[in-house]
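The chains referred to below are lettered A, B, ... by the order of the sequence lines, with proteins before strands, and numbering in each begins at 1. Atoms considered below: every heavy atom in the structure, side chains included; atoms not considered: hydrogens, waters and symmetry mates. These numbers were taken from a predicted model, which means no experiment stands behind them.
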2 protein chains.
Amino acid sequence: MVTYQDDMLDAVFNALGNPTRRQILLRLRDGFEVPASTLAEPFPISLPGFTKHLRSLQRAGLIGQRKQGRERLYWLLPEPLEIANRWLDEYEAFWHTRLDSLNAHLRKQRLDEG
Amino acid sequence: MVTYQDDMLDAVFNALGNPTRRQILLRLRDGFEVPASTLAEPFPISLPGFTKHLRSLQRAGLIGQRKQGRERLYWLLPEPLEIANRWLDEYEAFWHTRLDSLNAHLRKQRLDEG
DNA sequence: ACTATACTAAACCACATGGTTACCTATCAG
DNA sequence: CTGATAGGTAACCATGTGGTTTAGTATAGT
């Protein structure tokens with residue numbers, strides 16, 4: 001079963017699966033608008049290479065953009081992160097309540113069986 | 001700054017960025033061990049194609065594996081999901097407390113400035 | 001009007017990814 | 001021992017990704 005949210009989750013998780021893009025999001029975490037060049041400054045890659053990461057984040061709906069003069073300002077859109085977080089939360093019960101007892105059980109079982 | 005956890009987060013988020021792999025994890029969410037062929041059964045791809053997804057999940061540390069007879073059993077390892085969840089939690093304060101007020105502020109500011 | 005700035009766009013490249021088919025290995029059943 | 005079953009490995013292919021360089025556009029400053 002493929003849900004309507006699958007494309008969204010694909011885009012968000014793939015966007016998060018890159019350290020440059022995660023750093024961009026961290027930089028925007030305080031909620032301010034930041035121009036592209038300022039965002040790009042810490043990274044040792046070309047500007048065209050960098051703006052590809054911005055496009056990826058935009059496709060995932062993770063950042064907003066507007067033009068101001070010759071600058072382009074970006075800001076964080078946290079909604080997709082919240083959706084990703086909700087997907088992960090489906091496992092929270094598992095890792096909190098089952099982790100100790102069940103894994104211990106399986107570990108023992110595996111040892112017993114070889 | 002690239003932390004020692006970056007490779008881990010890359011692997012986990014990239015593993016999650018695919019609907020087939022997310023479904024595998026859902027299938028394993030109840031904590032039981034499931035043989036490869038049973039896991040593969042719902043998916044309309046070849047078995048070698050499918051086992052590549054299992055390798056991807058193993059590289060991310062998301063599943064464990066053991067051989068039992070001629071079957072290979074897989075089970076969920078939730079720790080990496082917890083780490084990913086903790087990374088996302090860094091934004092939780094933002095989307096809960098700032099979302100309404102700050103975004104409203106920025107939206108107004110953008111309207112004001114054109 | 002001219003020049004510098006802040007990007008964007010396009011073409012290219014190497015490598016990764018997600019799929020395939022063909023083949024191999026290990027185990028179970030008779 | 002033989003055949004079927006479970007699954008892994010290798011080679012291949014098309015497409016995507018993350019980077020580059022080169023060139024272009026729009027705005028600001030003088």
Rounded to whole Å, the CZ-P distance (B:Phe13 to D:dT17) equals 18 Å
Between CG of A:Leu16 and CG of B:Leu16, what distance do you get to the nearest 0.5 Å?
-> 9.5 Å
N/O to N/O distances under 3.5 Å, protein versus nucleotides 27-30 of chain D:
from   : atom 1 : to      : atom 2 : distance (Å)
D:dT27 : OP1    : A:Lys67 : NZ     : 3.4
D:dA28 : O4'    : A:Arg70 : NE     : 3.3

C:dC7 phosphate, OP1 or OP2: any side-chain N/O from A:Thr51 under 4.0 angstrom?
-> no
Rounded to the nearest 0.5 angstrom, the NZ-CG distance for B:Lys52 and B:Asn18 is 12.5 Å
Return the set of residues passing salt bridge (charged side-chain N to carboxylate O under 4.0 Å, His left out) with B:Glu90 (not counting sequence neighbours), or none when no residue passes.
-> A:Arg29
Rounded distance (Å) that lies between atom C1' of C:dC7 and atom CZ of A:Arg66 = 16 Å
With side chains defined as the heavy atoms from C-beta onward, is the minimum distance between B:Trp87 and A:Leu88 less than 4.5 Å?
-> no
Figure out the CD/C1' separation between A:Glu71 and D:dT25, and round it to whole Å.
-> 16 Å
Separation of B:Leu54 atom CG from D:dA6 atom P, in whole Å?
-> 16 Å
Nucleotides 15-20 of chain C: protein proximity per nucleotide (B base, S sugar-phosphate only, - neither; heavy atom, under 4.0 Å) | ---BBB
Side chains of B:Phe13 and A:Arg22: does their closest heavy-atom pair fall under 4.5 Å?
-> yes
With a 4.5 Å limit on heavy-atom distance, are the side chains of A:Arg66 and A:Glu33 in contact?
-> yes
How would you label the contact of A:Phe43 with the nucleic acid (heavy atoms, under 4.0 Å): base, sugar-phosphate, or nothing?
-> nothing
A:Gln65 side-chain N/O to C:dT8 phosphate OP1/OP2 under 4.0 Å | yes
Rounded to whole Å, the CG-C1' distance (B:Leu39 to D:dA6) equals 13 Å
Should B:Arg72 be listed as having a side-chain N or O under 4.0 Å from OP1 or OP2 of D:dG8?
-> yes
State, yes or no, whether a side-chain contact exists between A:Leu39 and A:Leu28 at a heavy-atom distance under 4.5 Å.
-> yes
Any donor-acceptor pair under 3.5 Å linking the side chain of B:Arg72 with the backbone of B:Ala36?
-> no
Rounded to the nearest 0.5 Å, what separation is found between the CZ atom of B:Arg86 and the CG atom of B:Leu9?
-> 10.0 Å
